[in-house]
Amino acid sequence: MKKYTLKKSFAAEIGKYTIDYKAELNQQQFKAVTNIHGPQLVIAGAGSGKTRTLIFRVAFLVENNINPGSILLLTFTRKSAQEMMRRASFILDERCSKVAGGTFHSFANYMLRKYAPMVQYHPNFSIVDRGDAEDIINSIRAELALNKKERRFPRKTTIMNIISKSTNKCIPVEDVLIDDYPHFEEELDDVLKISNLYRKYKRQKQVMDYDDLLVNLGNLLKENEQVREKISDTYRYIMVDEYQDTNKLQAEIAALLACKHSNIMVVGDDSQSIYSFRGANFRNIMDFPSMFPDTTITTLEQNYRSTRPILELTNAIIENAREKYSKKLFSDIAGQEKPAYLKTIDETEQAEFIGQRVLELREEGVPLNKIAVLFRASWHANELEVELKNRNIPYVKYGGLKFAEAAHIKDVLSFMRVLNNPFDDIAWLRSLTLLEGIGPSYANKIVAEILKKSEDFSGLIAPQFAKKKFFADLQKLYKLLSSLKDPTLKPADQLEKVIIYYTPMFELLYDDYRRRTGDLDSLLRIAQRYKTLEEMLTDVVLEPPDMSQVGVESTNKDDEKLVLSTIHSAKGLEWHSVFIIHLVEGYFPSARSAEREENMEEERRLFYVAATRAQRNLYLVTPEIEPRSWGYHDDFSGYMFAEPCRFLTEIENFNELTEPWALEIEKEDPF
């Protein structure tokens with residue numbers, strides 16, 4: 001009689017593995033790693049060892065003699081997938097390197113090469129990058145003569161943004177255009193025409209853009225049952241990282257891949273879903289149990305990053321979320337310092353406080369690169385950048401250009417530079433080419449005339465230009481610059497006149513001018529600090545941003561720089577000490593978020609992400625007076641009293657969870 005041996009269950013085998021999983025993992029991590037059958041949603045709180053859990057699960061699957069080729073690990077960057085497999089190989093063996101790991105897009109590319117004819121493509125189809133895609137859009141735009149319309153028409157980058165967002169969010173092009181670019185609503189029919197022609201062009205030329213990879217893989221899986229089941233049979237164990245950041249297409253693809261077995265584990269944190277502007281869908285992680293009714297929900301709550309006082313505050317922040325998976329982060333890192341909360345008079349005092357406190361922390365032994373200042377939008381740090389330069393504090397900025405490098409700021413400052421130095425031909429060239437009909441070649445001719453009579457700018461209206469179409473614009477520029485020479489005008493007064501003059505050009509040059517307006521407001525506020533134009537330009541322009549990276553006194557570390565970052569760019573990172581600035585209504589949360597409840601909820605999650613970046617020190621800063629944009633106006637000063645961020649005031653025991661700091665101005669020594 002032939003004997004057949006029934007193997008013990010995985011649970012019974014625990015303890016016979018190469019790796020001691022119980023010793024290496026906490027209880028909830030162990031549960032997530034060893035529960036390998038059926039759907040599982042792992043809610044991984046901030047700093048709770050999400051990546052470690054995925055790495056050990058790869059090793060656990062391989063140790064259970066599961067073919068590495070039947071394991072699929074989907075991540076958001078190829079680097080993260082490779083790193084996870086490398087670390088899994090390190091803790092176990094090289095079998096882990098044979099796991100199928102990569103991004104949704106790389107996996108889609110691999111599958112579409114195999115099944116290209118089933119989506120009406122040749123296996124050797126080309127993939128166009130963003131630049132090539134925009135050039136195709138521009139070519140279609142020109143063929144339709146839309147670049148010659150009397151009224152302004154969206155540029156290629158804007159059109160591509162609209163089409164891409166429509167694809168990733170699975171919503172109509174018209175919805176994206178009306179929501180994000182309402183000033184182009186009258187161009188809807190032509191934008192739709194471009195979108196349709198772009199789609200036909202790609203099919204005819206056998207090319208796909210980045211978004212098409214997901215669209216076509218989704219269509220392949222939905223429309224071909226045999227192919228769908230074959231692929232699902234191939235990949236018997238599926239893991240998806242950062243599931244809260246998936247868009248609707250990616251969630252559908254993941255579900256289709258698991259159609260035969262439902263062995264899918266998705267890992268993410270609903271409280272860190274902050275990328276809706278990229279197409280990420282908060283509903284994906286919330287609705288996963290509905291998509292897979294037998295889902296096991298495992299929550300990772302032990303935090304390995306922050307002190308208890310910081311976590312007590314972050315728990316309170318997210319507790320007020322309208323919809324969430326309940327969790328309470330806890331930590332074995334005791335810590336005595338509560339998060340500090342302080343109100344400053346205005347953003348200038350806010351910048352001064354941060355500059356001084358950063359240097360104090362450094363003296364206390366905290367390297368500059370272990371300190372971060374986080375903000376809702378890149379332009380919120382403009383005033384701070386000036387302060388850091390004045391204090392010679394080196395910094396690096398993520399999530400947007402340093403404001404003096406942004407094109408629209410360079411535009412405005414070019415007028416200020418020629419006012420300060422009429423021989424600045426580079427600034428002249430920039431300012432002149434902003435005028436319609438003047439290209440670089442003719443701008444050089446005008447500059448040559450200007451330099452002959454630089455003392456009064458009369459070269460702008462030289463007789464040889466009188467018959468040119470742009471002569472009227474030259475006259476306007478001459479009138480502006482002449483008026484700015486009034487000795488009673490302060491730099492802020494001069495800049496205000498320049499911005500008024502520049503605004504019509506600004507709105508024509510940049511399709512996203514609404515988003516850029518904050519930079520111009522910020523530059524105007526900075527100008528109010530200066531008595532002379534030369535001093536202002538020296539601080540803001542003439543010192544290249546990277547030249548301030550020389551370091552603070554007595555540091556020899558080239559890589560020691562304070563981090564300035566938007567919160568979106570800070571996700572996944574951590575620092576010893578974190579400052580969160582501009583915690584006032586209109587700045588944080590953003591004024592735009594007030595239009596929709598789901599946007600306001602994402603703002604709350606964004607604040608939660610910011611606060612959970614801190615390891616030991618967290619500073620929350622609210623300027624009490626902000627430039628006139630939101631709130632109650634003070635018509636005498638042009639400023640208003642700001643309302644503190646609602647995510648602070650809605651916490652009932654906020655005063656118990658934080659330590660109030662009161663700023664005092666040091667008295668001068670009379671001797």
Side-chain angles (χ1 to χ4, degrees), residues 41-46 50-51 54 74-78 80-81 102-108 130 160-173 175-176 179-180 209-215 217-218 239-257 264-291 318 321-325 376-377 398-399 515 565-573 589-590 592-593 595-610 612-613:
L41 170 61
V42 179
I43 300 298
K50 168 183 67 70
T51 301
L54 284 166
L74 294 172
T75 62
F76 271 79
T77 65
R78 182 174 61 177
S80 62
T103 65
F104 275 93
H105 292 86
S106 64
F107 178 74
R130 177 62 184 243
M160 193 68 238
N161 286 341
I162 292 169
I163 294 172
S164 181
K165 192 167 186 179
S166 167
T167 301
N168 283 294
K169 301 194 81 168
C170 299
I171 58 177
V173 165
D175 288 358
V176 177
D179 285 348
D180 294 353
D209 63 23
Y210 199 60
D211 298 327
D212 292 327
L213 293 171
L214 297 183
V215 171
L217 176 59
M239 288 174 280
V240 183
D241 189 20
E242 301 286 9
Y243 192 70
Q244 80 282 345
D245 294 336
T246 55
N247 61 34
K248 190 173 181 180
L249 277 171
Q250 290 164 327
E252 289 178 353
I253 288 169
L256 290 166
L257 291 174
I264 178 171
M265 182 177 89
V266 300
V267 183
D269 184 2
D270 55 299
S271 299
Q272 297 187 68
S273 179
I274 60 173
Y275 294 118
S276 64
F277 67 95
R278 294 181 187 169
N281 190 346
F282 175 70
R283 296 257 40 102
N284 288 350
I285 195 166
M286 301 308 298
D287 295 343
F288 185 83
S290 300
M291 186 177 293
I318 207 63
R322 181 189 62 180
E323 188 176 8
K324 64 184 181 300
Y325 288 104
R376 174 64 181 82
Y398 299 104
R515 295 181 183 273
S565 178
T566 61
I567 301 166
H568 285 103
S569 297
K571 185 175 174 292
L573 303 176
S590 164
R592 292 178 182 170
S593 63
E595 298 171 2
R596 295 182 180 177
E597 186 178 6
E598 59 265 32
N599 292 347
M600 188 60 70
E601 286 297 301
E602 182 161 324
E603 292 288 300
R604 178 183 284 106
R605 296 194 294 269
L606 194 62
F607 182 39
Y608 173 81
V609 168
T612 53
R613 301 309 94 198

_To the closest 0.5 Å, what do you measure between CD1 (Ile253) and CG (Leu214)?_
5.0 Å
*Minimum heavy-atom distance between Gln272 and Lys571, given as atom pair plus value*: O-CE, 3.3 Å
*In a check of side chain to side chain donor-acceptor pair (under 3.5 Å) between Ser80 and each of Thr103, Thr75, Thr51, which one passes?*
Thr75
*Between atom CZ of Phe288 and atom CD1 of Ile43, what is the distance when rounded to the nearest 0.5 Å?*
10.0 Å
*Just wondering, do Arg283 and Glu323 contact through their side chains at under 4.5 Å, heavy atoms?*
yes
*Of all the heavy-atom pairs spanning Ala81 and Gly102, show the shortest one and how long it is.*
CB-N, 3.7 Å
_Check: Tyr210 and His105 side chains under 4.5 Å, non-hydrogen atoms_ = yes
*asked:* Under a 3.5 Å distance rule, please check whether Thr612 uses its side chain to pair with a backbone N or O of Tyr608 as donor and acceptor.
replied: yes
*Report the C-alpha distance between Phe76 and Thr246 in whole Å, list the side-chain angles of each, state the deciding distance to 0.1 Å, and finish with yes or no for side chain to side chain contact (heavy atoms under 4.5 Å, CB included).*
CA-CA 9 Å; Phe76 271 79; Thr246 55; 3.9 Å; yes
_Could you walk me through whether Met160 and Asp209 satisfy the side chain to side chain contact (heavy atoms under 4.5 Å, CB included) test, starting with their C-alpha distance in whole Å, then the side-chain angles of each, then the deciding distance to 0.1 Å, before giving a yes or no?_
CA-CA 11 Å; Met160 193 68 238; Asp209 63 23; 3.9 Å; yes
*Which heavy atom in Ala570 sits nearest to a heavy atom in Ser565, and how many Å separate them?*
N-OG, 3.6 Å
_For the CD1 atom of Ile264 and the CG atom of Leu257, what is their distance to the nearest 0.5 Å?_
7.5 Å
_From Asp179 atom CG to Arg596 atom CZ, the distance as rounded to the nearest 0.5 Å_ = 4.0 Å
_Heavy-atom pair with the smallest gap, counting every atom of Ala44 and Val267_ = CB-CG1, 4.1 Å
_Can a donor-acceptor pair be found, under 3.5 Å and without considering hydrogens, that links the side chain of Arg605 to the backbone of Ile274?_
no
*Please round to the nearest 0.5 Å and tell me the distance separating atom CG of Leu217 and atom CZ of Phe107.*
6.5 Å
*What pair of heavy atoms forms the shortest contact from Pro172 to Ser166, and how long is it?*
C-OG, 3.7 Å
_Within this structure, what is the CE-OH distance for the pair Met265 and Tyr243, rounded to the nearest 0.5 Å?_
13.0 Å
*How about Glu252 and Gln250: does a side-chain donor come under 3.5 Å of a side-chain acceptor?*
no
_Using a 3.5 Å distance criterion without hydrogens, assess whether the side chain of Asn281 forms a donor-acceptor pair with backbone atoms of Lys248._
no
*Any donor and acceptor pair, going by atom type alone, linking the side chain of Asn284 with main-chain N or O of Ala251 inside 3.5 Å?*
no
*side chain to side chain donor-acceptor pair (under 3.5 Å) assessment of Ser593 paired with Ser590*: CA-CA 5 Å; Ser593 63; Ser590 164; 5.0 Å; no
*Picking from Asn247, Val215, Leu249, what satisfies side-chain contact (heavy atoms from CB on, under 4.5 Å) with Cys170?*
Leu249
_With a 3.5 Å distance limit and no angle check, can you tell me whether Ser273 reaches the backbone of Asp270 through a side-chain donor-acceptor pair?_
no
*Do Arg278 and Asp245 sit within salt-bridge range, that is, some charged N less than 4.0 Å from a carboxylate O?*
no
*Polar side-chain atom of Thr167 near backbone of Ile163 as donor-acceptor pair, under 3.5 Å*: yes
*Indicate yes or no for a side-chain donor-acceptor contact from Tyr325 to the backbone of Ile285 under 3.5 Å, with no hydrogens or angles considered.*
yes
_Is it the case that the side chain of Thr566 and the backbone of Arg376 share a donor-acceptor pair, with hydrogens and angles ignored and the cut-off at 3.5 Å?_
no
*Specify the closest pair of heavy atoms between Arg322 and Glu601, including all atoms of both residues, with the distance to one decimal.*
N-OE1, 2.8 Å
*Is the side chain of Gln244 donor-acceptor paired with the backbone N or O of Asp269 at a distance under 3.5 Å, no angle test?*
yes
*Donor-acceptor under 3.5 Å (Tyr275 side chain, His568 main chain)*: yes
